[in-house]
Protein chains: 2
Amino acid sequence: MDLRHLKYFIAVAEELNIGRAALRLHISQPPLTRQIQQLEEELDVQLLIRTPRGVELTQAGEMFLEEARNIRSLVEQAIERTKRAGQGKLGRLDIGIFGTGILNTIPKLLQLFRDDHPDVRVVLHTMTKNEQIEALRQKRITVGFNRIMSPLPDITCELIMREPLFLAVHNSHPLSKNVSVSVKELSKHPLVLFPTGPRPNFVDRVLEICGHMGFIPEISQIVGDAVTGVALVAGGFGISVVPESVITFKPPGIVYLPFDDWLTGKVDLSCIYRKDDESPILKAFLIAVNKFREQHKG
Amino acid sequence: MDLRHLKYFIAVAEELNIGRAALRLHISQPPLTRQIQQLEEELDVQLLIRTPRGVELTQAGEMFLEEARNIRSLVEQAIERTKRAGQGKLGRLDIGIFGTGILNTIPKLLQLFRDDHPDVRVVLHTMTKNEQIEALRQKRITVGFNRIMSPLPDITCELIMREPLFLAVHNSHPLSKNVSVSVKELSKHPLVLFPTGPRPNFVDRVLEICGHMGFIPEISQIVGDAVTGVALVAGGFGISVVPESVITFKPPGIVYLPFDDWLTGKVDLSCIYRKDDESPILKAFLIAVNKFREQHKG
DNA sequence: ACCAATCAATACCTTTAAAGTATGAAAAAG
DNA sequence: CTTTTTCATACTTTAAAGGTATTGATTGGT
C-alpha cells in the first residue's frame with residue numbers, strides 16, 4: 001500500500017464518484033478505478049459499492065476513510081515538523097554555562113535566540129570549562145560559554161564580547177568615594193578573586209594584568225563564584241575585580257568603580273562549539289550570537 | 001513522498017548503514033541510497049550525516065524517524081481495523097426491536113452474536129413494525145425483529161423460531177388448577193390482548209386462531225405490551241394469551257398453562273433486513289441467527 | 001606509507017507499475 | 001428507445017524503482 005492509494009481513496013470517498021475524483025486528482029478515470037481495485041484486493045475488503053450513479057462506502061470503507069484521513073494529517077505534520085527541525089526551528093539545544101556568564105550576557109543572548117526560535121527547547125547545564133569541552137566531544141551539549149580558552153583542534157571558539165573590568169568595594173572603604181580608580185590600587189588592598197576550579201581562569205587573567213603593571217597583588221581569598229566574591233567584599237574581606245556583567249548584581253553597601261588607566265584591562269566572553277558541527281540549530285544560534293554582537297558593539 | 005520512503009528510512013536509521021539496510025530490505029544498495037537522497041531533497045532537509053563508517057542521524061533525522069514510526073504503526077493499525085471491519089468483526093449494528101421479543105429470544109440471540117463479535121457495537125432501537133421497515137429503507141437500522149410480516153419486495157423476512165402460545169391466568173382463577181387447557185376455554189372468559197399499534201399484529205393472530213376453532217372471543221382490553229397485559233391478568237382483569245418468551249416474566253399470582261389441543265397455535269418470530277444488503281456485519285449476524293436456530297430446533 | 005577493506009555515490013541499463021487512450025457494458029434519465 | 005452517465009477492461013506509453021558495475025573517499029592494518 002502507498003500514500004497514493006490513501007490520497008486516491010479519500011478523493012473517491014469524498015466525491016462518491018470515480019470520474020469526478022479522477023478529475024480532481026488530475027488523472028484519468030481508468031487508473032483511478034484500478035488503484036482502488038488494487039487497494040481493495042490488497043486489504044481483501046470491499047470498500048465501495050458500485051452503483052449506476054456513482055459509488056457509496058461500505059462500513060469498512062467508512063472506517064478506512066477515517067483512518068486514511070488520520071494518516072494523511074500525520075504525514076503532513078511529520079513533513080512540517082521535519083522541515084522545521086531542518087531549519088533549526090524545532091528541536092533541542094543543550095548549552096553549557098559557567099558562573100558569571102549567567103548573570104547578564106547569557107540570558108540576554110538566549111532571549112534573542114528564543115525570540116526567533118520559540119519551539120527550540122533550550123536546556124542549560126552548569127559546567128566548568130573542561131566539563132564543557134568533554135561534553136562537546138560527547139555531543140552532550142552543542143554550545144559552551146567560557147572566558148579564557150586555549151585553542152583546540154576540534155573546537156571553534158568564537159568571541160562574543162570583551163567586557164571591561166570593574167572594582168568592587170564596600171561603601172565604607174576609602175576608595176568608594178572615587179568615581180574611578182587606578183589599577184595600581186590593587187597592589188594596596190587584599191583581593192578577593194574567583195573562581196576556583198581548573199586554571200587558567202579569571203584569576204590568572206587578573207594576575208596577568210597586574211603583572212603587566214609591574215606588581216603582584218595580595219590575594220585574600222579565592223572563592224567559587226562571583227556572587228560569593230562580591231558577598232565577601234560586602235562583608236569587609238577586601239576588594240574584588242569583576243567583569244562588567246556582574247555589576248547588575250548589587251547587594252547593599254557594594255560600589256562598583258571603573259578603572260581609569262586600564263584601557264586594555266578587559267576579559268573575553270566566548271562561546272565554543274564543535275568544528276564539525278553543521279547542525280541548523282547551531283547555525284541559528286550563531287546567527288543570534290552575531291545579532292547580539294551587533295547590538296553590543298558600541 | 002511514499003510509504004516506501006518511510007520504510008527505507010526507518011531501516012537505514014536502525015542499521016545506521018545503507019548497505020546493511022539494503023540487505024535487510026532485500027534490495028541492492030544504490031537504489032536505497034537514491035531513495036534516501038530523494039526523500040531528503042523532497043523535504044529539503046538533511047536527514048543523515050554520511051561518514052566513512054556508515055551514516056548517523058541529524059536532529060531532523062531523529063525527528064523524522066520518530067514520525068515515520070508513528071505513521072507506520074498507524075498504517076498497520078488502519079489495515080488491521082479495515083480488514084476486521086470487512087469481516088464484520090468491527091463496526092456497528094443497529095437493530096430494531098419490539099415488545100415481547102426483548103424478553104427472552106433477542107437477548108439470547110444477541111449474546112450469541114456478541115460472543116463471536118465482541119468489537120461490534122450493537123445499538124438497539126425500540127420501534128414498531130412499520131417504523132422498522134421505514135428505518136431499514138433509510139438504512140438507519142440493519143436488522144429488525146417482528147412477529148407478523150406481510151411479504152415486501154425489498155425486504156427479506158427470515159423465520160427465527162415458531163413459539164407455542166401459553167395461557168396466562170391468575171392463581172385465583174378456576175383454570176389455574178389444570179396442567180393444561182383447551183383453546184375453547186378462551187371463549188368463556190374475557191381476554192386481555194396486546195399490543196396496540198399497527199395491525200395486523202399478535203391480536204389478529206390470536207383472533208385468527210380462535211376463528212379456526214369456530215368462535216370469537218370476548219376482548220376485555222387491548223394493551224400496549226405483554227408486560228402490561230400480564231400485569232392486568234394479575235390484577236384480575238381476565239386471562240391472556242402470550243408467546244412462550246413471555247413466561248420468563250412471572251409476577252406473583254400468575255400461572256402459565258400450555259394448550260393441549262392447540263398444536264398449530266404458534267406464533268412466529270422473524271428478523272427482517274434489506275434484500276440488497278450485503279454488508280459483512282449482516283452476514284455475520286445471520287450466521288448467529290442460524291446458530292441460534294440450530295440450538296433451539298428441538 | 002601503502003594496500004586492502006568498507007561504505008556511500010554515480011553511471012548506465014532493466015524491469016515494474018502507474019498513467020493515458022480507446023472502448024465496452026450496464027443502468028438510469030429523458 | 002435512445003442518450004447519457006458511470007464504472008470496468010484492453011492495450012499502449014511513460015515514469016520511476018530496482019539491478020549491475022564502478023568510482024571515490026576514508027579507515028585500519030601491515
Side-chain angles (χ1 to χ4, degrees), chain A residues 1-58 60-61 64-65 68 137 153-154 274-276 278, chain B residues 1-58 60-61 64-65 68 137 153-154 274-276 278:
Chain A
M1 195 172 62
D2 244 331
L3 290 184
R4 182 185 43 258
H5 289 113
L6 300 185
K7 192 171 96 185
Y8 287 4
F9 179 74
I10 291 171
V12 171
E14 281 173 359
E15 298 289 343
L16 293 175
N17 177 314
I18 296 185
R20 227 170 24 240
L23 219 64
R24 185 171 116 182
L25 293 166
H26 307 296
I27 60 171
S28 59
Q29 170 260 317
L32 182 54
T33 292
R34 258 177 294 124
Q35 291 291 317
I36 298 291
Q37 287 173 336
Q38 210 173 79
L39 181 64
E40 287 183 319
E41 200 172 325
E42 187 179 339
L43 296 175
D44 197 25
V45 163
Q46 189 181 349
L47 298 172
L48 301 178
I49 298 164
R50 278 76 170 172
T51 72
R53 313 184 39 77
V55 296
E56 49 191 76
L57 297 178
T58 62
F64 190 70
L65 175 60
R137 291 200 169 122
D154 55 341
R274 292 172 67 99
K275 270 210 169 69
D276 65 356
E278 307 222 311
Chain B
M1 194 171 62
D2 246 329
L3 290 183
R4 182 185 44 257
H5 289 114
L6 300 185
K7 190 171 97 185
Y8 287 6
F9 179 74
I10 291 171
V12 171
E14 280 172 1
E15 299 289 343
L16 293 175
N17 178 316
I18 296 185
R20 225 168 29 239
L23 219 65
R24 185 171 117 184
L25 293 166
H26 307 296
I27 61 173
S28 59
Q29 171 259 316
L32 182 53
T33 293
R34 261 179 291 126
Q35 292 289 317
I36 298 292
Q37 287 173 337
Q38 209 173 81
L39 181 62
E40 287 183 319
E41 201 173 325
E42 188 178 339
L43 295 175
D44 197 24
V45 163
Q46 190 182 349
L47 298 172
L48 301 178
I49 297 165
R50 278 76 169 173
T51 72
R53 311 182 45 75
V55 295
E56 48 190 75
L57 296 179
T58 62
F64 190 69
L65 174 60
R137 292 199 169 124
D154 55 341
R274 293 172 67 98
K275 270 209 170 71
D276 65 356
E278 308 223 309

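Every chain is numbered from 1 and lettered A, B, ... according to where its sequence line falls, protein lines coming before strand lines. Just so we're clear, the structure is a prediction, and the values are computed from it rather than from any experiment.
What separates CZ of B:Arg24 from C1' of C:dC7 is a distance of 18 Å, to the nearest Å. For B:Glu42 and D:dA16, the CD to C1' distance is 14 Å, given to the nearest whole Å. If you take CD1 of B:Ile49 and C1' of C:dC7, they are 16 Å apart, rounded to a whole angstrom. Atom CD in A:Glu56 sits about 15 Å away from atom P in C:dA27, given to the nearest Å. What separates CG of A:Leu25 from P of C:dA18 is a distance of 15 Å, to the nearest Å. The interatomic distance linking A:Ile18 (CD1) with C:dA19 (C1') rounds to 16 Å, in whole Å. Rounded to whole Å, atom P of C:dC7 lies 11 Å from atom CD of B:Glu15. Spacing between atom CG of A:Asn17 and atom C1' of D:dT4 amounts to 13 Å, rounded to whole angstrom units.
B:Arg50 has a side-chain polar atom (N or O) that falls below the 4.0 Å cut-off from OP1 or OP2 of C:dA9. The phosphate of C:dT10 has OP1 or OP2 within less than 4.0 Å of a side-chain N or O from B:Gln37.
Other residues, nucleotides and ligands contribute over 12 non-hydrogen atoms within 6.0 Å of the CZ atom of A:Arg24. No more than 12 heavy-atom neighbours from other residues, nucleotides or ligands sit within 6.0 angstrom of CD on B:Glu278.
In terms of heavy-atom proximity, A:Leu48 sits nearest to A:Arg50 at O-NH1, 3.2 Å. Here the closest non-hydrogen pair linking A:Arg137 and A:Arg274 is O-NH1, 2.9 Å.
The side-chain heavy atoms of B:Phe9 and B:Leu57, taken from C-beta on, include a pair separated by under 4.5 Å.
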Whether each nucleotide of nucleotides 17-30 of chain D has a protein heavy atom under 4.0 Å at its base (B), only at its sugar-phosphate (S) or at neither (-) is summarised, 5' to 3', as SBBBB----S----

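A:Leu25 contributes atom CG, which lies 11.5 Å from atom CZ of A:Arg4 (distance to the nearest 0.5 angstrom).
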